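FYI, the numbering just counts along the sequence from 1. It should be emphasised that the depicted structure is a prediction, and the values quoted were computed from it without experimental measurement.
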Amino acid sequence: MRWEPKESVAIVTGASSGIGRCLCRRLLRSGASVVANARREERLLELQDSADNASADNAEQRFFPVVGDVTDPTVRQEIIRVAGSIRSGELDLLVNNAGIGALGPFADAEPSRLRRIMEVNFFAPVELTRLALDLLRRGRAPVICNLCSVLGHRAVPDKSEYCASKFAMHGFSDSLRAELAPTGIQVTLVSPSTTESEFFDSLIDTDAGQTSKSIGSWPADRVAKATMSAIRARRSEVICSLGGKALVYADRLSPPIVNAVLKKS
Ligand SMILES: NC(=O)c1ccc[n+]([C@@H]2O[C@H](COP(=O)([O-])OP(=O)(O)OC[C@H]3O[C@@H](n4cnc5c(N)ncnc54)[C@H](OP(=O)(O)O)[C@@H]3O)[C@@H](O)[C@H]2O)c1
């Protein structure tokens, strides 16, 4: 069984830039109705305009922006209300994509940095998932797609809060996939490596001097394309990029070697 975008109903959080924005465009072009959430209203309206131009098939009537902070329970309720109004209370896809990060040693950070990252990257998507389950149970080949990270498989220094949030998302997704198997709802975990987006411009509580190392990067639309393929095939997990796979599989084979490399670097 495959997930088909045409005439489907999808929710995408973090739709105003990067991977979420590219994924919305792909979904709209493929005939899905998309409930798109982010805080920047003007960006969502821009996305609506660009989708109109890119798609002849009434994309504007299939685009439903919900402006607001996904950590706000009333915003999450509104996302679900709007999604439920599109096709008689049915939902085919929930993409938990909104995310933030920070760089720098744990010891130098205020507790608020950890709190905020866990609220945006973990508690908000988990609570949105809880609210969406009834609609998803009535959906067609329904999928919950969680944007994780290769850092949700192998943690690295100076990103402790971010790694913790993505490990939490990884564990939650594996557990939920097994729980929901009898209902026919699939949970797809997508783990990008470094991606060209606004992510590193939006870091919170991070000193200007902090930098992030990576081996290569993918454009956001390449990650969106891989995400769309994983959703269509209803895969359990996808790890993006050669560098990302190298990190994750090296760690699965021999954590002590990766520990030693990270200590040296
Ligand atoms: N970029 C990377 O290197 C990388 C690598 C691995 C995984 N990822 C993951 O991929 C996902 C997408 O990141 P990206 O690279 O596309 O970054 P991005 O360009 O910064 O996009 C992040 C999106 O999340 C939204 N967002 C942030 N906080 C929000 C909040 N409180 N409420 C609602 N929306 C919020 C932002 O919109 P507003 O600011 O308008 O709210 C934006 O649309 C994230 O989960 C990230 O952790 C990224």
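- Counting only residues at least two apart or in different chains, salt bridge (Lys or Arg N to Asp or Glu O under 4.0 Å) contacts with residues 149-160 comprise Arg154-Asp251.
- Ala230 and Thr188 make their closest contact through CB-CG2, 3.9 Å (heavy atoms, listed as atom of the first residue, atom of the second, distance).
- For Arg252, the CZ atom counts as densely surrounded, since its 6.0 Å shell holds more than 12 non-hydrogen atoms of other residues, nucleotides or ligands.
- Residues Arg140 and Glu7 are in side-chain contact: their nearest non-hydrogen atoms beyond the backbone lie under 4.5 Å apart.
- Applying the salt bridge (charged side-chain N to carboxylate O under 4.0 Å, His left out) test to Arg234 and every residue at least two apart in sequence or in another chain returns nothing.
- A heavy-atom distance below 4.5 Å is not found between the side chains of Lys166 and Cys163.
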In a table with atom names and distances, give each donor-acceptor pair under 3.5 Å that connects a side chain of residues 203-210 to protein atoms at least two apart or in another chain.
residue : atom : partner : partner atom : Å
Thr206  : OG1  : Leu103  : N            : 3.1
Thr206  : OG1  : Ile204  : O            : 2.7

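- Applying the salt bridge (Lys or Arg N to Asp or Glu O under 4.0 Å) test to residues at least two apart or on different chains, the pairs with a partner in residues 79-97 are Glu78-Arg81, Arg87-Glu90, Arg87-Asp92.
- Residues satisfying the side-chain hydrogen bond (donor to acceptor under 3.5 Å, both in side chains) test with Thr129, not counting sequence neighbours, are Asn96.
- Ring geometry for His153 against His170 counts as tilted: the plane angle lies between 30° and 60°, on a 0 to 90° scale.
- A search for side-chain hydrogen bond (donor to acceptor under 3.5 Å, both in side chains) contacts involving Glu4 returns nothing, not counting sequence neighbours.
- Between the SG atom of Cys145 and the CZ atom of Arg235 there is a distance of 11.5 Å, given to the nearest 0.5 Å.
- Residues Arg43 and Leu47 form no side-chain contact, since every pair of their non-hydrogen atoms from C-beta on lies 4.5 Å or further apart.
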Given Leu27 and Met228, is the side-chain contact (heavy atoms from CB on, under 4.5 Å) satisfied, shown in steps? CA-CA 8 Å; Leu27 286 164; Met228 190 85 178; 3.8 Å; yes
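- Nearest heavy-atom pair across Ser50 and Arg21 is OG-NH2, 4.3 Å.
- Scored by the ring-ring contact (aromatic ring centres under 6.0 Å, His included) test, Phe64 finds no partners at all (sequence neighbours excluded).
- One distance of note links CG of Leu133 with OG1 of Thr183; it measures 8.0 Å at 0.5 Å rounding.
- Side-chain contact, Ser173 with Asn146: a donor N or O sits under 3.5 Å from an acceptor N or O.
- Judged as a salt bridge (charged side-chain N to carboxylate O under 4.0 Å, His left out), and not counting sequence neighbours, the contacts of Asp174 are Arg177.
- For Glu41, the CD atom counts as loosely surrounded, since its 6.0 Å shell holds 12 or fewer non-hydrogen atoms of other residues, nucleotides or ligands.
- The backbone N or O of Ile239 lies less than 3.5 Å from a partner atom in the side chain of Lys245, making a donor-acceptor pair.
- When all heavy atoms of Ala83 and Val35 are compared, the closest pair comes out as CA-CG2, 3.8 Å.
- Open room surrounds CD1 on Ile257; 12 or fewer heavy atoms of other groups in view lie less than 6.0 Å from it.
- Between Leu247 and Ser193 the shortest side-chain heavy-atom distance does not fall below 4.5 Å.
- Counting all heavy atoms, side chain and backbone alike, Leu44 lies closest to Ala38 at CD1-N, 3.9 Å.
- Looking at every heavy atom in both residues, Pro5 comes nearest to Arg232 through CG-NH2, 3.4 Å.
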Working for side-chain contact (heavy atoms from CB on, under 4.5 Å), residues Arg76 and Arg130: CA-CA 10 Å; Arg76 294 195 294 265; Arg130 195 194 302 279; over 6 Å; no
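- Between Pro192 and Ile19, the closest side-chain pair of non-hydrogen atoms falls below 4.5 Å.
- Partners of Asp69 according to the side-chain hydrogen bond (donor to acceptor under 3.5 Å, both in side chains) rule, which considers only residues two or more places apart in sequence or in another chain, are Thr71, Arg116.
- Under a 4.5 Å side-chain heavy-atom criterion applied to ILVMFWY residues, the cluster that includes Leu242 comprises that residue alone.
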Might you work through the side-chain contact (heavy atoms from CB on, under 4.5 Å) test for Arg222 and Ser217, ending with a clear yes or no? CA-CA 10 Å; Arg222 189 165 174 196; Ser217 64; over 6 Å; no
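- Other residues, nucleotides and ligands contribute only 12 or fewer heavy atoms inside 6.0 Å of the CD atom of Glu110.
- Residues Gly99 and Asn121 come closest through the heavy atom pair CA-OD1, 3.3 Å.
- For Ser16, the side-chain hydrogen bond (donor to acceptor under 3.5 Å, both in side chains) partners are Arg40, not counting sequence neighbours.
- Within a 6.0 Å sphere centred on CZ of Arg138, heavy atoms belonging to other residues, nucleotides or ligands number more than 12.
- A search for ring-ring contact (aromatic ring centres under 6.0 Å, His included) contacts involving Tyr162 returns Phe199, not counting sequence neighbours.
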